[in-house]
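Every chain is numbered from 1, with letters handed out A, B, ... down the list of sequences. It should be emphasised that the depicted structure is a prediction, and the values quoted were computed from it without experimental measurement.
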2 protein chains.
Amino acid sequence: MAAPRQSSRSPRYVGIAAELRERILDEHLAPHTLMPSERELSEQFEVSRMTARQALMLLESEGHVYRRPPRGTFVAEPRVRFQIGSFSAEADRLGRQASAQLLWAKALAGAGNGATRARTALGLADDDTVHAFRRLRLMEGEPLAIETTYFPSALTPGILDVEAEGSLWGLLRERYGIEMTRSVAVIESIVLDEESCDRLAVRAASSGILLTRRTFDQDDRCVEFARDVYRADRAAFEVSASVAR
Amino acid sequence: MAAPRQSSRSPRYVGIAAELRERILDEHLAPHTLMPSERELSEQFEVSRMTARQALMLLESEGHVYRRPPRGTFVAEPRVRFQIGSFSAEADRLGRQASAQLLWAKALAGAGNGATRARTALGLADDDTVHAFRRLRLMEGEPLAIETTYFPSALTPGILDVEAEGSLWGLLRERYGIEMTRSVAVIESIVLDEESCDRLAVRAASSGILLTRRTFDQDDRCVEFARDVYRADRAAFEVSASVAR
DNA sequence: CAGCCCGCTTGGTCTATACCAAGTGGGTCG
DNA sequence: CGACCCACTTGGTATAGACCAAGCGGGCTG
């Protein structure tokens with residue numbers, strides 16, 4: 001049977017999403033509260049399961065709920081605000097407990113694997129090598145970002161052998177005497193790839209924020225190139241700029 | 001009938017999206033090229049229309065295509081990169097032709113309508129009024145952002161009567177002798193509301209980037225509060241920061 | 001010839017149904 | 001008692017079919 005003509009102009013699933021959004025916000029349901037299942041909602045609102053599902057998918061894309069099959073759909077937590085710079089420094093500033101899980105650490109030479117792009121960003125020659133880390137960053141135990149960081153090998157001998165659970169910037173200062181002085185970054189909205197969704201524990205093709213950063217030291221050498229992917233529903237960025245005239 | 005067991009692990013629609021993405025990127029199809037319709041794709045790939053549709057929706061959320069019912073689905077243009085600051089200044093820098101359509105301009109007093117929030121951001125008292133503009137910003141004729149800008153009324157007498165098609169920052173400098181010197185902004189990913197989707201000519205519940213900005217003058221007074229909503233698929237932001245130690 | 005209208009196509013929405021993978025919990029068996 | 005297993009529930013994927021609004025173009029009508 002076709003859809004019965006609705007009185008309002010907007011689609012049924014938008015209205016259902018609005019109703020649920022209101023429930024979450026007005027009754028300020030606690031984060032991680034279990035929402036009704038798709039099948040329950042389809043009965044309550046007298047629509048097919050696919051329509052109830054569309055409403056929940058809308059709320060998920062807004063960051064109001066998250067879904068954890070086969071457990072159910074839950075109320076989400078509000079997002080965390082970052083400034084550009086080191087994840088660890090930000091966590092300290094916010095008084096949150098940050099940690100990192102090393103995914104890999106290696107020396108990159110030759111072409112491919114982002115090595116070429118990293119060398120270009122770092123201002124290195126084609127035959128230079130770079131040291132690269134990929135780390136999952138967590139705050140209060142929740143995965144928030146995947147950082148991929150590249151340093152010129154010449155500046156960071158032996159860095160791959162260090163335990164990389166803490167601040168890499170701190171390591172650069174303490175062990176290599178490199179002072180980071182300024183960063184230039186590009187922030188954009190992306191759709192997360194399969195691996196990132198997996199690591200960040202969000203559903204496939206979720207929205208993410210890509211922060212591509214170059215950091216310079218006291219001599220204005222580019223000493224770090226980083227490509228950080230944040231969960232869009234959990235992160236916000238605070239930036240400041242002087243006005244060019 | 002149920003879905004036949006696929007050989008691969010990933011869903012059918014992800015594979016179809018990948019195939020189409022490849023076609024767009026490898027054959028570098030020109031922007032605005034018409035893609036096959038959902039019904040055509042469902043025949044070509046031998047899936048139901050809903051599955052072909054999911055693939056196209058995925059590509060749309062990635063910004064690879066845009067949909068314009070009932071004309072069809074088209075290859076999208078790549079995104080534009082901004083620095084924090086004035087939209088007009090950025091357009092100049094990029095050598096693009098920028099324009100603005102005034103949506104409304106009014107004086108706000110009392111509570112509600114964002115007036116309270118604007119006063120707080122501007123550091124004004126509860127009985128002060130603010131002058132507010134909402135403008136649709138276009139680049140090369142394409143809607144890219146909705147700016148809502150608030151100024152202290154005391155600093156900008158008569159500003160509501162000015163034609164607001166160009167740069168408001170230019171106006172502040174030339175007419176009121178106010179020099180903008182620095183901005184502080186928060187960038188985050190949001191889902192666009194119905195009106196914004198409409199104005200920006202994107203589908204309902206598309207992803208957007210919210211830039212909330214406070215701008216200060218030579219005396220470090222906050223002279224502008226702005227809430228700008230950009231299309232996530234068309235905008236990127238370049239920022240720089242010195243490293244706090 | 002001008003203008004209107006109608007039918008085709010498109011994406012958008014919705015129904016109804018089916019099977020799948022994977023946690024959860026209860027009950028059973030050794 | 002402990003380990004295992006199976007049934008139930010959940011969201012995820014997929015099918016097949018239906019009607020809608022709206023742009024477009026061709027053909028008909030005045």
Side-chain angles (χ1 to χ4, degrees), chain A residues 1-18 20 32-61 65-76 194 197-198 201-206, chain B residues 1-18 20 32-61 65-76 194 197-198 201-206:
Chain A
M1 195 202 314
R5 199 68 233 111
Q6 68 252 21
S7 52
S8 129
R9 270 295 122 155
S10 58
R12 208 76 179 75
Y13 72 91
V14 172
I16 294 173
L20 296 176
H32 315 296
T33 302
L34 179 63
M35 300 282 294
S37 76
E38 295 179 353
R39 288 166 178 85
E40 280 168 17
L41 288 174
S42 73
E43 277 189 36
Q44 285 176 26
F45 288 96
E46 294 183 307
V47 295
S48 79
R49 187 186 147 210
M50 286 303 289
T51 302
R53 178 176 173 72
Q54 269 187 282
L56 285 178
M57 288 197 296
L58 181 54
L59 289 177
E60 186 193 26
S61 73
V65 303
Y66 64 95
R67 324 189 76 184
R68 211 41 50 93
R71 310 237 337 263
T73 300
F74 302 85
V75 175
E194 202 171 337
C197 288
D198 213 47
V202 295
R203 44 175 283 114
S206 290
Chain B
M1 195 201 313
R5 199 70 232 108
Q6 69 253 20
S7 52
S8 127
R9 270 297 123 154
S10 59
R12 208 75 180 78
Y13 73 90
V14 171
I16 294 173
L20 296 175
H32 315 296
T33 302
L34 180 63
M35 300 283 292
S37 75
E38 296 179 352
R39 288 165 178 87
E40 280 169 18
L41 288 174
S42 73
E43 277 189 35
Q44 285 177 27
F45 288 96
E46 294 183 307
V47 295
S48 77
R49 185 183 149 212
M50 286 304 288
T51 302
R53 179 176 173 72
Q54 269 187 281
L56 285 177
M57 288 197 298
L58 180 54
L59 289 177
E60 186 192 25
S61 74
V65 303
Y66 64 95
R67 325 190 75 185
R68 211 42 49 93
R71 310 237 339 263
T73 300
F74 302 86
V75 176
E194 202 171 337
C197 288
D198 213 46
V202 295
R203 43 175 284 115
S206 290

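Between A:Tyr13 and C:dT13, a side-chain N or O to OP1/OP2 separation shorter than 4.0 Å is present. Here B:Thr51 does not reach the OP1 or OP2 of D:dT13: none of its side-chain N or O atoms lies under 4.0 Å away. A sub-4.0 Å separation between OP1 or OP2 of C:dT17 and a side-chain N or O of A:Ser48 is absent.
Using modelled atom types, no side-chain atom of A:Arg49 and backbone atom of A:Glu43 make a donor-acceptor pair closer than 3.5 Å.
Taking a 6.0 Å sphere around CD of A:Glu194, one finds it holds 12 or fewer heavy atoms contributed by other residues, nucleotides or ligands.
Residues forming a salt bridge (charged side-chain N to carboxylate O under 4.0 Å, His left out) with B:Glu60 (at least two apart in sequence, or on another chain): B:Arg203. Legend: residues meeting side chain to side chain contact (heavy atoms under 4.5 Å, CB included) with B:Ala52, ordered by chain and number and at least two apart, are B:Leu41, B:Ser42, B:Val47. For A:Arg67, the side-chain hydrogen bond (donor to acceptor under 3.5 Å, both in side chains) test picks out A:Glu38, A:Thr73, with sequence neighbours left out. Evaluation of the side chain to side chain contact (heavy atoms under 4.5 Å, CB included) rule for A:Gln54 yields A:Tyr13, A:Met57 as partners, not counting sequence neighbours. Legend: residues meeting side-chain hydrogen bond (donor to acceptor under 3.5 Å, both in side chains) with B:Thr51, ordered by chain and number and at least two apart, are B:Ser48.
The interatomic distance linking B:Ile16 (CD1) with D:dT13 (C1') rounds to 12 Å, in whole Å. Distance, B:Glu46 CD to D:dA14 C1': 15 Å, rounded to whole Å. Atom CZ in B:Phe45 sits about 20 Å away from atom C1' in D:dA16, given to the nearest Å. B:Phe74 has its CZ atom 9 Å from the C1' atom of C:dT10, to the nearest Å. Look at CG on B:Leu41: it is 16 Å from C1' on D:dA14, rounded to the nearest Å. One can place CD of B:Glu43 at 12 Å from P of D:dA16, the figure rounded to the nearest angstrom. A:Met50 has its CE atom 14 Å from the C1' atom of C:dC19, to the nearest Å.
Aromatic ring orientation, A:Phe74 versus A:Tyr66: parallel (interplanar angle below 30°, classes split at 30° and 60°).
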Treat a base pair as Watson-Crick or G-U wobble with both distances under 3.5 Å, then lay out DNA chain D in dot-bracket form, 5' to 3', with | for cross-strand pairs. ||||||||||||||||||||||||||||||
Can you check nucleotides 4-11 of chain D for protein contacts, nitrogen or oxygen pairs under 3.5 Å, and list what you find?
unit_1, atom_1, unit_2, atom_2, d
D:dT10, O4', A:Pro70, O, 3.1
D:dG11, OP1, A:Thr73, OG1, 3.2
D:dG11, OP2, A:Glu38, N, 2.9
D:dG11, N7, A:Arg39, NH1, 2.8
D:dG11, N7, A:Arg49, NH2, 3.3
D:dG11, O6, A:Arg39, NH2, 3.0

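Pairs engaging residues 36-56 of chain A under the ring-ring contact (aromatic ring centres under 6.0 Å, His included) rule: none recorded [sequence neighbours left out].
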